[in-house]
Amino acid sequence: MDYNHKEIEQRWQKAWKENKTYKTEIDSSKPKFYVLDMFPYPSGAGLHVGHPLGYIASDIYSRYKRLKGFNVLHPMGYDSYGLPAEQYAIQTGQHPEKTTNENIARYREQLDKIGFCYDWDREIRTCDPEYYRWTQWAFIRMFKSYYDKNTDKAESIEKLIENFEKRGTKGINAACGKELIFTAEEWYNMSEKEKSDTLMNYRIAYLGNTMVNWCPQLGTVLANDEVSEGLSIRGGYPVEQKLMYQWCLRVSAYAQRLLDGLETLDWTESLKETQRNWIGRSEGAEMHFKVVDSDVDLEIFTTRADTIFGVTFMVLAPESKYVDLVTTAEQRKAVEDYRNVVKHKTERERQIEKKVSGVFTGAYAVNPLNGKEIPIWVSDYVLVGYGTGAIMAVPAHDSRDYAFARHFDLPIIPLIEGADVSEESFDAKEGKMINSDGGELNLNGMEVKAAIARTKQFIEEKGIGKVKVNYRLRDAIFSRQRYWGEPFPVYYKDDIPYTLDESELPLLLPEVDKYLPTETGEPPLGRAKNWKTKEGYRLELNTMPGFAGSSAYYLRYMDPHNSEALVSKEADEYWRNVDLYVGGTEHATGHLIYSRFWNKFLYDLGVVCEQEPFRKLINQGMIQGRSNFVYRIKDTNTFVSFGLKKDYDVTPIHVDVNIVSNDILDIDRFRAWRPEFADAEFILEDGKYVCGYAVEKMSKSMFNVVNPDDIVERYGADTLRLYEMFLGPIEQSKPWDTNGIDGVNRFLRRLWALFYRGDQFLIDDSKPSADSLKSLHKLIKKVSIDIENFSYNTSVSAFMICVNELTQQKCRSREIYDSLLVVLAPFAPHITEELYHALGHSTSVVDAHWPEWNEEYLKESKVTYAISFNGKARFNLEIDVNTPREEIERMAVEHEQSQRWIEGKTIRKIIVVPGKIVNIVIG
RNA sequence: GCGCAUGUGGCGUAAUUGGCAGCCGCGUCAGACUUAGGAUCUGAUGCCUUCGGGCGUGGGGGUUCGAGUCCCUUCAUGCGCACCA
């Protein structure tokens, strides 16, 4: 009987499915363990070999934990709302649901072939109404909540209203758009609309006029993490800034908690650092500058309060509300012109140009510390969205201010001793202060850090400003002018938004005739006919963004069929949070921030019992493509082999990697590949055509996509699983290279050969030899430690070594193989299941127990000593562990005598550190 | 510019965490078996060598009896953030 991977894998996959081997239920008698993969967006291209890398790693861990006695939750689902399906729908008119379902079916088929231990009864899809009703539900709860900075958590908006009714804004300390002050009476006198607008200033899900990233080509707004360098991540289209009335989530209210929470997480330092950067906490001060001949008070933010005596001008963001307030009549036109120019520049143009530009407002502000009058300018290097949208410019110690001052010939006052500011600014926060005597506040001679602290203290005392912490993290823009997403459970009555009652959920996504905006420019939902309406009132036409559905999906897996709640108390308290989350690092500033925010919000509500959703996170590396090239001699149909191409003028052409093996081209298949190559000629080296290669992104256009189905077909799922793990450390990005896969496949065949020779079953009940026990226990120890550390690649090596040793030893003992199969089972579930049953077990190997290793079997008989004389290391000696020290000394001296210099000298002292060092003092 | 990683044979990688650098696999070479091999098995394989040995973990320096591993410095590559005051 040969190792027939196809037959074995199909048979066991069927058996697992029929027996529901991987079904998981709450079981309070066992400790829980929750292993989660980032669920995929089911794209039309299907899975390539890069996708399963993380899934295999988490599958191994799940199976391992189960063998260790844990009750393991390991679910899978689909992030099924998204732009590609909709773009496809626009082009073809096909309903995105149809293509999505087809893609999901294809994904499922591919996933099943790899033999994962998912509990498919828990599958979820974000576009399933029974799922997205809970996305809508959470939105309603956010709408009905505000963030109370006193209790430092989200609270019911009713509590805020009660306060307004009793005391107005007095005593309110809440996260909000702008600080409002009104009395209970004023609140009472507000119209419904005014009240609604006022509450919007506080709600966690709110409608706001915000500067958004507008992508004209995609026809929608994008979140900050969906834009990179002024281009949309999806599609790479230019993105411009636009003021729009949009739904937003007040993520910024959670900035500090999101930052603090990182400390409790077992994530890589680099990922935490990425999030810290994204949150961008900076401690500084807010200060007020009076404007000359005006009652306007400019509020600015600075982290360098110490440089106050070096301020030579002020700068406002072009969009700042201060601009209109301070600009003089003479300068009005110039300022307006400048604002227009800036407005029509896209974010990308602004970034590429990086030219200094700006205009004087005509107004002057007064430095509150020395009374000096300084000009107020407008420039687009100041961002309206950060701080107060206005800065005090200190050209001597800020490179941007410096460039601006140089360009417009504004004065530069150095404030730090020894700093040469003739060529560039001195930005470092170090050195002794000079030129900083303002009478009451004198910073001269102080170190920068002390000066910052002193200035902050001073301005607080004098009421000129206050200490302030700013965050770079912005509120998330939550509306998309798109069809294929969750509808908002919102309707408008007299222009005032209201949420649907929770009992009315889910609000189903309606059918539309086209997936394009309406003629009047409304989002596609404006085309909905017969949509459920609320007493004839208008429903919200935007849909939610992609991250809405993925923000709490890990909770739904705990209790996927619950129609009463997102997750029951019981399920939440049992499964709590994800113990191990495996996925790509590209979600660092998107999903992984939103999910944490969403979870913290639900925590505040008392819906979930853990503050953080993902306890440990592993970022699997990307698998890149390894493209192959053939080299065509210019203007011919002749191709020259890689090693000879330097003698010709050639054009490299991508060739399908599937007709290349170990960089050798299959010439017949190449000729058949494309009609224009049918009569191709070849210049060969050693009778072969050798292709060149390059590492690139895996993509269709480079013909370097390797489909896991093909690998499974040829080598089997177990080989694929082992090989993907063998490729290198899981976190590392690496090119897919099929060149080494035969080695892994050979290992499985060797394992099989230990059990069967032809039809003869070789295993018996003989007693294992000491050598075999040592080989086995070495393996158990290595793999146990490796899995805990996610070093799967070295585990695969360990399996190979063990099988080689057992082959050499001609080991036939059932006792050895029983344990070996259990340890290998997480990596190669099919072959181990088959062989485990062959050993006479009637239960599945997944229900076995992980074996413990016994150190007794591993004891080394020899130990290495480093021998040194008079502290000078000479050589190492491998000596039997039980050798007495006199014997070690004798061996050492004997060995050294061949070196002669020791002759005639006497030994004075010998220091022996067991198993380490022997130092022999002679003289 | 700032931050975080990573540099080891022809290639992917490993090194009990300071103790014989290169395990395991690919590739290559030699041999065995075979009608045949893109099958299987065995052995060799870091580099140089005058065959004594010498040199080797991006470069330079340091600590140590001993450094791929720790410290300083420098170079290269990858990733993240980026007019964030």
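Chain identifiers are assigned alphabetically (A, B, ...) following the order of the sequence lines, protein sequences preceding nucleic acid strands; residue numbering begins at 1 within each chain.
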Exercise. Using a 4.0 Å heavy-atom cut-off across all strands, classify I391(A) as base, sugar-phosphate, or nothing.
Key: base
Exercise. Identify the nucleotide, in any strand shown, that forms a Watson-Crick or G-U wobble pair with A14(B), with both distances under 3.5 Å; if there is none, say none.
Key: none
Self-check item: Strand partner of U45(B), provided both Watson-Crick or wobble distances fall under 3.5 Å
Solution: G27(B)
Self-check item: RNA chain B: 5'-proximal contact among W278(A) and A390(A) (nearest heavy atom)
Solution: W278(A)
Quiz prompt | Counterpart base for U69(B), defined by Watson-Crick or G-U wobble contacts under 3.5 Å | solution = none
Practice problem: For F747(A), check ring pair (Phe, Tyr, Trp, His ring centres under 6.0 Å) against everything at least two apart and list the hits. | Solution: none
Quiz item: Under 4.0 Å: is that the gap between some side-chain N or O of R276(A) and OP1 or OP2 of C81(B)?
Solution: no
Quiz item: Residues from residues 784-795 of chain A sitting under 4.0 Å of RNA chain B, heavy atoms only?
Solution: N793(A), T794(A)
Quiz prompt | Pairing residues for A476(A) by the side-chain contact (heavy atoms from CB on, under 4.5 Å) criterion, not counting sequence neighbours | solution = L249(A), V251(A), F547(A), Y594(A)
Self-check item: Counter-base of U64(B), judged by Watson-Crick or G-U geometry with both distances under 3.5 Å
Solution: none
Quiz item: Any Lys/Arg nitrogen of K782(A) or D786(A) sitting under 4.0 Å from an Asp/Glu carboxylate oxygen of the other?
Solution: yes
Quiz item: In the structure shown, which nucleotide is the Watson-Crick or G-U wobble counterpart of G3(B), with both distances under 3.5 Å?
Solution: C79(B)
Quiz item: Between C81(B) and R472(A), is there an OP1 or OP2 to side-chain N/O distance shorter than 4.0 Å?
Solution: no
Exercise. Name all residues meeting the ring pair (Phe, Tyr, Trp, His ring centres under 6.0 Å) criterion together with Y723(A); count only those two or more places apart in sequence or in a different chain, and write none if there are none.
Key: W736(A)
Quiz prompt | Pairing partner (Watson-Crick or G-U wobble, both distances under 3.5 angstrom) of A32(B) | solution = U40(B)
Quiz prompt | Partner set under side-chain contact (heavy atoms from CB on, under 4.5 Å) for E855(A), not counting sequence neighbours | solution = K781(A), W853(A), L858(A)
Quiz item: Do any pairs count as a salt bridge (charged side-chain N to carboxylate O under 4.0 Å, His left out) and have a residue in residues 718-729 of chain A, sequence neighbours left out, and if so which ones?
Solution: D59(A)-R721(A)
Self-check item: 5'-most by nearest nucleotide on RNA chain B - G387(A) or G743(A)
Solution: G743(A)
Practice problem: List for me each residue that meets ring pair (Phe, Tyr, Trp, His ring centres under 6.0 Å) alongside F670(A), sequence neighbours excluded, and say none if there are none. | Solution: F639(A), F677(A), F682(A)
Quiz prompt | Residues in ring pair (Phe, Tyr, Trp, His ring centres under 6.0 Å) contact with F404(A), at least two apart in sequence or another chain | solution = F313(A), W377(A), Y381(A), F408(A)
Practice problem: Anything under 30° is parallel, anything over 60° is perpendicular, the rest tilted; go ahead and classify Y3(A) against W752(A). | Solution: tilted
Quiz item: Between Y386(A) and A85(B), is there a side-chain N or O to OP1/OP2 distance below 4.0 Å?
Solution: yes
Extract from the structure each pairing of a protein N or O with an N or O of nucleotides 2-12 of chain B at less than 3.5 Å, listing the distance.
residue : atom : partner : partner atom : Å
G12(B)  : O2'  : L727(A) : O            : 2.6

